[in-house]
S.K.: 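Got a structure here, written out as structure tokens. Questions coming.
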Amino acid sequence: MSYVLDGKTFHSRFFIGSSLYPSPQHLQDSVKASGAEVITLGLRRLNPQAGGGNAYWSMIQDMGCQLLPNTAGCYTAQEAITTAQMAREIFGTDWIKLETLGDDYNLQPNPFELLKAAEVLVKEGFKVFAYTTDDLVLALKLYDLGVTAIMPWAAPIGTALGPINLYALEAIRVRLPDAFLVVDAGLGVPSHAAKVMELGYDACLLNSAVAQAVDPVKMAKAFASAIEAGRWCYEAGPVPSRPTAQPSTPTLGTPFWHQG
């Protein structure tokens, strides 16, 4: 299960968010239960230079995870670029989850601003984790720009609908066999995560499915198991589906005895 990303070795393919938990203790316990080694955080919420966020920031640091700040709430490329630059200075990492909001109804990313921001940030040395839709052409263009990871949604963020277009997700995996792909947004239950990991995705990022569960800690464990199972399934090579039945115990050459 281990893999190398940006020269660092990781063992968990579960990327976890840090917002919406009932309490800081729930967050700590859930991250521990998940085994996640990468945690996302928002600049506006966790600015350690702001007086009220020091305790929360210290708690995030104590978890020992790789930080993945995001540009959530940015509508334009310039907003996202400025936010990323601030995040690098404040959090001491060049990893950035790049988000450019395009529509307030379903919170769909703006592909045009996303590409513009990604091009600038890659040139500035950022490790860009680009949050996008499941559009294949957009994924190809992001890959050509040299982003570290492409992060297509399974469904609009927070909907918990699960993967609404498995064909599109699989097409991205097939067309970009060497890209690091992370399904981000829209997962609701562990079976959703297992399904996308079975397609060959490298990781899953989720937040609300754990944070807003009745028991976040138990749900974190469930997702961790599902993500691992899905990855093992992909690596094992599942038997192809068939339109007709096929016996698991063949009868050819088997002796039969008939009573008179």
S.K.: What side chain to side chain donor-acceptor pair (under 3.5 Å) pairs are there with at least one residue in residues 23-35, not counting sequence neighbours?
M.R.: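 Sorted pair list: S23-H26, Q25-D29.
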
S.K.: What is the distance from atom CG of L140 to atom CZ of R175, rounded to the nearest 0.5 Å?
M.R.: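 Between atom CG of L140 and atom CZ of R175 there are 5.0 Å.
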
S.K.: Show me the donor-acceptor pairs, under 3.5 Å and distance only, between side chains in residues 196-211 and residues at least two apart or in other chains.
M.R.:
residue: Y201; atom: OH; partner: L169; partner atom: O; Å: 2.6
residue: D202; atom: OD2; partner: R173; partner atom: NH1; Å: 2.9
residue: D202; atom: OD2; partner: L181; partner atom: N; Å: 2.9
residue: N207; atom: OD1; partner: S19; partner atom: N; Å: 3.3
residue: N207; atom: OD1; partner: S19; partner atom: OG; Å: 2.8
residue: N207; atom: ND2; partner: S19; partner atom: O; Å: 2.8

S.K.: Looking at residues at least two apart in the chain, or sitting in another chain, which of them share a ring-ring contact (aromatic ring centres under 6.0 Å, His included) with F14?
M.R.: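 With sequence neighbours excluded, F14 shows a ring-ring contact (aromatic ring centres under 6.0 Å, His included) to no residue whatsoever.
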
S.K.: Mind listing the closest non-hydrogen atom pair of P152 and I150 along with its distance?
M.R.: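 Distance-wise, the nearest heavy atoms are CD-O, 3.3 Å.
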
S.K.: Any carboxylate oxygen within less than 4.0 angstrom of a Lys/Arg side-chain nitrogen, looking at K127 and D94?
M.R.: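 Salt bridge present between K127 and D94.
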
S.K.: Check salt bridge (Lys or Arg N to Asp or Glu O under 4.0 Å) between E119 and all other residues, then give those that pass, not counting sequence neighbours.
M.R.: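 Here the qualifying residues are K123.
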
S.K.: So E228 and R231, salt bridge (charged side-chain N to carboxylate O under 4.0 Å, His left out) or not? Walk me through it.
M.R.: CA-CA 5 Å; E228 184 176 28; R231 181 65 190 186; over 6 Å; no

S.K.: Using the test salt bridge (Lys or Arg N to Asp or Glu O under 4.0 Å), find all partners of D134 that sit at least two apart in sequence or belong to another chain.
M.R.: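 Once residues adjacent in sequence are excluded, D134 has no partner under the salt bridge (Lys or Arg N to Asp or Glu O under 4.0 Å) criterion.
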
S.K.: Just wondering, do P190 and M219 contact through their side chains at under 4.5 Å, heavy atoms?
M.R.: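 In short, these two side chains touch, coming nearer than 4.5 Å.
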
S.K.: What closest approach, in Å, do A155 and G162 show between heavy atoms, and which atom pair accounts for it?
M.R.: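 Scanning both residues completely, I find the closest heavy atoms to be CB-O, 3.4 Å.
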
S.K.: Hey, what do you get for CD (E89) to CZ (F91), rounding to the nearest 0.5 Å?
M.R.: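 Result: 11.5 Å between the selected atoms.
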
S.K.: If we only count heavy atoms from C-beta on, is the T100 to Y75 side-chain gap below 4.5 Å?
M.R.: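 Answer no - side chains too far apart.
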
S.K.: Tell me, please, which residues at least two apart from K221 pass salt bridge (Lys or Arg N to Asp or Glu O under 4.0 Å).
M.R.: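 Checked K221 against salt bridge (Lys or Arg N to Asp or Glu O under 4.0 Å); zero matches.
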
S.K.: Quick test of your reading: applying salt bridge (charged side-chain N to carboxylate O under 4.0 Å, His left out), list the pairs with at least one residue in residues 150-160, sequence neighbours left out, ordered by first then second residue.
M.R.: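 Listed once each, the pairs would be none.
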
S.K.: Can you list, by chain and residue number, the hydrophobic cluster partners of Y167 when the side-chain cut-off is 4.5 Å?
M.R.: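 Its cluster partners, ordered by chain and number, are none at all.
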
S.K.: If the condition is ring-ring contact (aromatic ring centres under 6.0 Å, His included), which residues does W153 pass it with, not counting sequence neighbours?
M.R.: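 By the ring-ring contact (aromatic ring centres under 6.0 Å, His included) rule, W153 matches no residue at all.
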
S.K.: Before you tell me yes or no, could you show the steps for L68 and I96 under side chain to side chain contact (heavy atoms under 4.5 Å, CB included), namely the whole-Å CA-CA distance, both residues' side-chain angles and the distance that decides it to 0.1 Å?
M.R.: CA-CA 6 Å; L68 181 58; I96 192 72; 5.6 Å; no

S.K.: By salt bridge (Lys or Arg N to Asp or Glu O under 4.0 Å), which residues pair with K8, not counting sequence neighbours?
M.R.: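 Checked K8 against salt bridge (Lys or Arg N to Asp or Glu O under 4.0 Å); matches are D6.
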
S.K.: Would you say the side chain of Q108 lies within less than 4.5 Å of the side chain of L101, judging by non-hydrogen atoms?
M.R.: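 Not touching, per the 4.5 Å side-chain cut-off.
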
S.K.: Would you mind listing every ring pair (Phe, Tyr, Trp, His ring centres under 6.0 Å) that reaches into residues 95-146, with sequence neighbours excluded?
M.R.: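 Counting only pairs at least two positions apart or across chains, the ring pair (Phe, Tyr, Trp, His ring centres under 6.0 Å) contacts touching residues 95-146 are F10-W95, W95-F129.
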
S.K.: Which residues pass the ring-ring contact (aromatic ring centres under 6.0 Å, His included) test with F180, not counting sequence neighbours?
M.R.: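 Applying ring-ring contact (aromatic ring centres under 6.0 Å, His included) to F180 gives Y3.
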
S.K.: Does T40 reach the side chain of I16, with side-chain heavy atoms less than 4.5 Å apart?
M.R.: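 No - every pair of side-chain heavy atoms lies 4.5 Å or more apart.
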
S.K.: Does M151 reach the side chain of V183, with side-chain heavy atoms less than 4.5 Å apart?
M.R.: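 Contact flag for M151/V183 side chains = no.
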
S.K.: If you define the side chain from C-beta out and look only at heavy atoms, does anything of L115 sit under 4.5 Å from K141?
M.R.: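 The answer is yes; the side chains approach within 4.5 Å.
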
S.K.: Passes side chain to side chain contact (heavy atoms under 4.5 Å, CB included), I39 versus I60? Steps please.
M.R.: CA-CA 9 Å; I39 188 169; I60 293 291; 3.9 Å; yes

S.K.: Does the side chain of V31 reach to within under 4.5 Å of the side chain of C65, using non-hydrogen atoms?
M.R.: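 A side-chain contact under 4.5 Å exists here.
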
S.K.: So do V147 and V122 actually touch side chain to side chain, heavy atoms under 4.5 Å?
M.R.: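 Heavy-atom side-chain distance check passes, below 4.5 Å.
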
S.K.: Kindly compute the distance separating CD (Q85) from OG1 (T71), expressed to the nearest 0.5 Å.
M.R.: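 It comes to 12.0 Å.
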
S.K.: Looking only at side-chain N and O atoms, does Q78 offer a donor or acceptor that is under 3.5 Å from a partner on T82?
M.R.: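 Yes, because at least one side-chain N or O of T82 sits under 3.5 Å from a partner of the opposite role on Q78.
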
